[in-house]
Amino acid sequence: MNQNANNRSRRDFLKIGAAAGLGAAAAAGLDLDAKERSSGSGGARSQFKAAPIPTVRVGFVGVGGMGSAHVQNYLTIEGVQVKAICDIRPAHAERSQKWVVEAGQPKPTLYANGPRDFERMCATEDLDLVMNATPWEWHVPVCLSAMKNGKHAVTEVPAAMSLEDCWALVETAEKTGRHCQMMENCCYDRIELMTLNLVRKGVLGEVIHAEAGYLHDLREVKFSKEGEGLWRRAWSQKLNGNLYPTHGLGPVAQCMNINRGDRFDLLVSLSSPTRGLHEYAVETFGADSPQAREKYLLGDVNTSLIMTKRGRTIILIHDTNLPRPYTRINLVQGTKGLAHKWPDRIYIEGRAAKPHQWDDFERFAAEFEHPLWKAIASKGEGRGHGGMDYIEDYRLIQSLRRGEPLDQDVYDAAAWSAIVGASCASVAGKGRPVAIPDFTRGLWEKNPPLGIIEA
Ligand SMILES: NC(=O)c1ccc[n+]([C@@H]2O[C@H](COP(=O)([O-])OP(=O)(O)OC[C@H]3O[C@@H](n4cnc5c(N)ncnc54)[C@H](O)[C@@H]3O)[C@@H](O)[C@H]2O)c1
């Protein structure tokens, strides 16, 4: 699509955004200013590949809970050298440095001189890849610094917390000719992979609807004096929408070929009242505690309804402040049946043991287990999140070493993360429709779907 069309689609978005009450969104801390900026990029790209990298030299930024799990995975994957580690907490950086040395690699250089020391690492180290597992506010600055210094960038989820920042990732990746991937590990979990395999084989028919989310009681985590407690609760004071959309959305977006035959068009979003964090603070720390005096903006349950360009629908929920068991729902519904996780169950018309009744997913596992899971899952056993993190790290390194397109590209990172900004804007406008930008600028119609990846 040409630049005029690009500008036009942005203007359309901004017009809808204005109608949706973006003034309130801006007051809520959103970065959705109506400035048009020229992309200055090398243009949208399809199936982007970089030259093969025989040994991938990695620098880590943020080696807390999730970053250190990636370090441990990378130390067992062939063709990786961990060359540099950056963290504002020297003890975290040193812990990962020790693991690298114990694994028999040269001692990586540490960067622990404050919150912008990643810039020195990106500017001075000879690296192929920067792996970013910092708090959300640092995802975009770290990725931009990496790419501008000639490194591929990958980031933990969500890639960006505003639509402007989604664009910044896309445009910088295009301009610098670097990869920028968001590490959505849930795309590599067993049932999600099997569901994608069922979809690719046409067993569920044409996919027309999905339901997904992140429903996880994080009250204890958000009030912890360690790890995410140091930064995640603060986002509940700043924004009201779906702050963590991609674990649920990524896998169903792959089943719907988002950016590869279809794309997100618009969403409407509403949030419930906010009660959970305050009640928890009163019960845990006392009514007069500083925590009990905090004010929250984030509604406890946020529900979004997304429509795609081809008219398909996705219900997406964010629910992290109330007592509840964990689920990401993961329901994918087609014209011939539907697959569901939590509990794992499936209904395929004509193949179900009994009409109108669910079958256990295991009944179809022998036939539809995804080849990637079959080949790699056992290597990830006992590792983070049941092995899916290992498969994710393995696939990234394998693709970089082969010089192949990544399973998730910068347009996926932007489109899946755009739900944060778009849902906040819709909530601020009392559920008005908000357009989700076409980050591919037309390429979604031609891009091929993600195939059934073999190991
Ligand atoms: N994919 C998943 O399943 C999953 C699970 C947990 C967390 N996450 C994501 O991983 C990221 C990190 O979460 P976490 O649970 O590891 O949090 P954490 O707080 O345990 O770790 C963050 C680390 O980043 C460091 N840090 C903070 N600011 C920094 C800066 N400016 N420069 C360098 N280091 C900095 C902290 O000292 C800490 O070591 C978040 O984006 C989160 O959403 C993803």
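In what follows, residues are counted from 1 in the order of the sequence shown. Start at 1 and go down the list; that is how both ligands and their atoms are numbered.
- Within the 4.0 Å heavy-atom criterion, the part of His92 lying near ligand 1 is the side chain and not the backbone.
- His179 and Phe48 have perpendicular rings, their planes meeting at more than 60° on a 0 to 90° scale where under 30° would count as parallel.
- Comparing Tyr244, Phe60, Trp231, Trp138 by heavy-atom distance to atom 19 (O) of ligand 1, the nearest is Trp231.
- For the pair Arg190 and Phe361, the cation-pi criterion (under 6.0 Å, within 45° of the ring axis) is not fulfilled.
- The closest approach between any non-hydrogen atom of His139 and ligand 1 is below 4.0 Å.
- Arg45 has no carboxylate O lying under 4.0 Å from a charged side-chain N of Asp409, or vice versa, which leaves the two without a salt bridge.
- For atom 36 (C) of ligand 1, the nearest non-hydrogen atom from the set Asp87, Asn185, Val61, Val63 belongs to Asp87.
- Relative orientation of the Trp231 and Trp136 rings is perpendicular, given thresholds of 30° and 60° on the angle between their planes.
- If you number the atoms of ligand 1 from 1 as listed, the ones under 4.0 Å from a heavy atom of Gly227 come out as 19 (O), 20 (O).
- Across the listed options Glu228, His247, His70, Glu228 owns the non-hydrogen atom lying nearest to atom 14 (P) of ligand 1.
- No heavy atom of Arg116 sits closer than 4.0 Å to any atom of ligand 1.
- The salt bridge (Lys or Arg N to Asp or Glu O under 4.0 Å) search around Glu283 returns none, not counting sequence neighbours.
- The distance from the CH2 atom of Trp99 to the CD atom of Glu94 is 12.5 Å, given to the nearest 0.5 Å.
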